[in-house]
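Note sheet for the following structure.
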Amino acid sequence: MIIAVDGPTASGKGTIAKHLAARFGLKRLDTGALYRAVGLAVLDAGGDPGDEAAAVAAAEALDLGAIDEDRIRSSQAGLAASKVAVIPAVRLVLRDAQRAFAADPAGAVLDGRDIGTVICPDADVKLYVTASLEARTARRLKELQARGETISFEALKAQIAERDERDTNRAESPLRQAADAHLLDTTEMDVAAAVEAAVGVVETVRG
Ligand code: DC
């Protein structure tokens, strides 16, 4: 079984994907982590995430097993990720890595922006997870504060809106709900309620 979970940043898709993987005994790939790792690698090398040659080289050199799970969570890495993600040649390199992961006969859960539309268009279950900009900002603010980052609610909200804009309007594989995806709006839900709703969708689809 392949489960595709897409949605904007801080919508809760990562948490839902993690729980679905545990619940149904599947491995999980957080595809945003790949873009974050590429963006961070370019920054670490002193480059510009919008520079195609630098970003493609970083994508080609990416080692999925060596991603620094802590450093890629910074807001700086997130912004760099959304910049490398608009470059079609970067997406092509990462597409192959994602499809290879999904090809495992045991099945998988993948979460990102274009899993249901581009990476795994034949996924058995597709979820599109979203929440209001305010709710997503509040969640991300909590995460960043726990990491010791200081940023105001308004500044973070503007940053997330900027990323939404870039993710939704890019020419290559933009963020959008697949025609056959189930919409899950988590604005008014806590983690337990969102996970329960997602499990319900998977069980209904599986029959
Ligand atoms: O989900 P996230 O915040 O970790 O994603 C970081 C960035 O990576 C996001 O701004 C867009 C990009 N991304 C993408 O373009 N396609 C994906 N499948 C996953 C992430």
Side-chain angles (χ1 to χ4, degrees), residues 2-18 28-43 49-50 52 55-56 58-59 62 64 67-102 108-121 123 126-131 133 135-144 147 149 151 156-178 181 184 186 194:
I2 298 287
I3 304 178
V5 185
D6 290 303
T9 201
S11 57
K13 65 182 185 312
T15 305
I16 286 172
K18 206 184 317 173
R28 175 222 173 189
L29 182 64
D30 166 8
T31 65
L34 309 186
Y35 291 92
R36 285 172 177 268
V38 170
L40 187 62
V42 175
L43 291 180
E52 173 164 349
V56 169
L62 183 69
L64 261 61
I67 293 176
D68 184 332
E69 285 299 332
D70 181 51
R71 289 190 64 230
I72 61 164
R73 294 297 148 205
S74 70
S75 50
Q76 209 193 15
L79 264 181
S82 77
K83 289 180 184 167
V84 300
V86 303
I87 303 170
V90 168
R91 303 199 69 86
L92 206 60
V93 173
L94 297 184
R95 187 189 71 188
D96 291 345
Q98 294 167 78
R99 287 203 177 142
F101 187 91
V109 181
L110 287 86
D111 54 297
R113 301 291 188 289
D114 61 344
I115 308 304
T117 52
V118 175
I119 304 296
C120 302
K126 297 181 187 179
L127 282 163
Y128 188 83
V129 183
T130 190
L133 179 59
R136 292 186 289 123
T137 303
R139 290 173 193 167
R140 183 50 53 83
L141 188 64
K142 254 177 138 176
E143 279 172 27
L144 292 176
R147 290 176 45 85
E149 281 196 40
I151 183 167
L156 182 61
K157 185 172 153 187
Q159 223 180 68
I160 291 178
E162 181 191 327
R163 283 180 51 191
D164 285 354
E165 166 79 17
R166 205 166 16 236
D167 292 349
T168 312
N169 294 317
R170 67 177 176 232
E172 183 71 30
S173 310
L175 169 65
R176 65 178 176 80
Q177 184 181 347
L184 193 59
T186 65

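Remember, it's 1-based here, ligands and their atoms both numbered in the order they're listed.
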So do the side chains of Arg166 and Lys83 get within less than 4.5 Å of each other, counting heavy atoms only?
yes

Nearest-0.5 Å distance that lies between atom CD1 in Ile67 and atom CZ in Arg36
11.5 Å

Within 4.0 Å of some non-hydrogen atom of Lys13, the atoms of ligand 1 are 1 (O)

If you measure every N/O of Asp111 against every N/O of ligand 1, is any gap under 3.5 Å?
no

Taking 4.0 Å as the limit for heavy-atom contacts, which would you say applies to Lys83 with ligand 1: side chain only, backbone only, both, or neither?
neither

What protein heavy atom sits nearest atom 1 (O) of ligand 1, and how far away is it?
Arg113 NH1, 2.8 Å

Nearest non-hydrogen protein atom to atom 11 (C) of ligand 1, with distance, is Asp167 OD1, 3.3 Å

Counting non-hydrogen protein atoms only, what is the nearest one to atom 8 (O) of ligand 1? Give residue, atom name and distance.
Tyr35 CB, 3.4 Å

What is the minimum heavy-atom distance between Ala41 and Ala58, and which atoms define it?
CB-CB, 4.1 Å

Quiz question: by atom type and distance under 3.5 Å, do the side chains of Thr15 and Arg139 form a donor-acceptor pair?
no

Please could you name the atoms of ligand 1 that Thr31 approaches to less than 4.0 Å, counting only its heavy atoms?
17 (C), 18 (N), 19 (C)

Checking Ser82 side chain against Asp167 main chain: does a donor-acceptor pair fall under 3.5 Å?
no

Closer than 4.0 angstrom: is that true for some heavy atom of Arg166 and an atom of ligand 1?
no

Atoms of ligand 1, numbered as shown, that sit under 4.0 Å from any heavy atom of Thr9:
3 (O)

Residues that Glu52 engages under salt bridge (Lys or Arg N to Asp or Glu O under 4.0 Å), provided they are two or more places apart:
none

Salt bridge (Lys or Arg N to Asp or Glu O under 4.0 Å) filter on Asp164, not counting sequence neighbours, yields Arg136

Considering the heavy atoms of Gly32, write down every atom of ligand 1 situated less than 4.0 Å from one of them.
4 (O), 5 (O), 19 (C), 20 (C)

Protein contact to atom 7 (C) of ligand 1 [nearest heavy atom, distance to 0.1 Å]:
Ala81 CB, 3.6 Å

Leu40 CG to Leu43 CG distance, which is reported to the nearest 0.5 Å:
6.0 Å

Within 6.0 Å of CD in Gln159, more than 12 heavy atoms from elsewhere
yes

Which bit of Arg163 gets closer than 4.0 Å to ligand 1, counting heavy atoms only: side chain, backbone, both or neither?
side chain

For ligand 1 and Asp30, I'd like to know whether there is a polar contact (N/O to N/O, distance under 3.5 Å).
no

To the closest 0.5 Å, what do you measure between CG (Asp114) and CZ (Arg176)?
10.0 Å

Under 3.5 Å, N or O to N or O, is Arg140 touching ligand 1 that way?
no

Which of the ligand 1 atoms, numbered from 1, are nearer than 4.0 Å to a heavy atom of Arg36
2 (P), 3 (O), 4 (O), 6 (C)

Going by the order shown, which atoms of ligand 1 are within less than 4.0 Å of some heavy atom of Ala85?
12 (C), 15 (O)

For ligand 1, which atoms sit closer than 4.0 Å to a heavy atom of Arg91?
14 (C), 15 (O), 16 (N)

Do Gln98 and ligand 1 have an N or O pair less than 3.5 Å apart?
no

Side-chain H-bond candidate by donor/acceptor type, Tyr35 with Arg91, under 3.5 Å:
yes

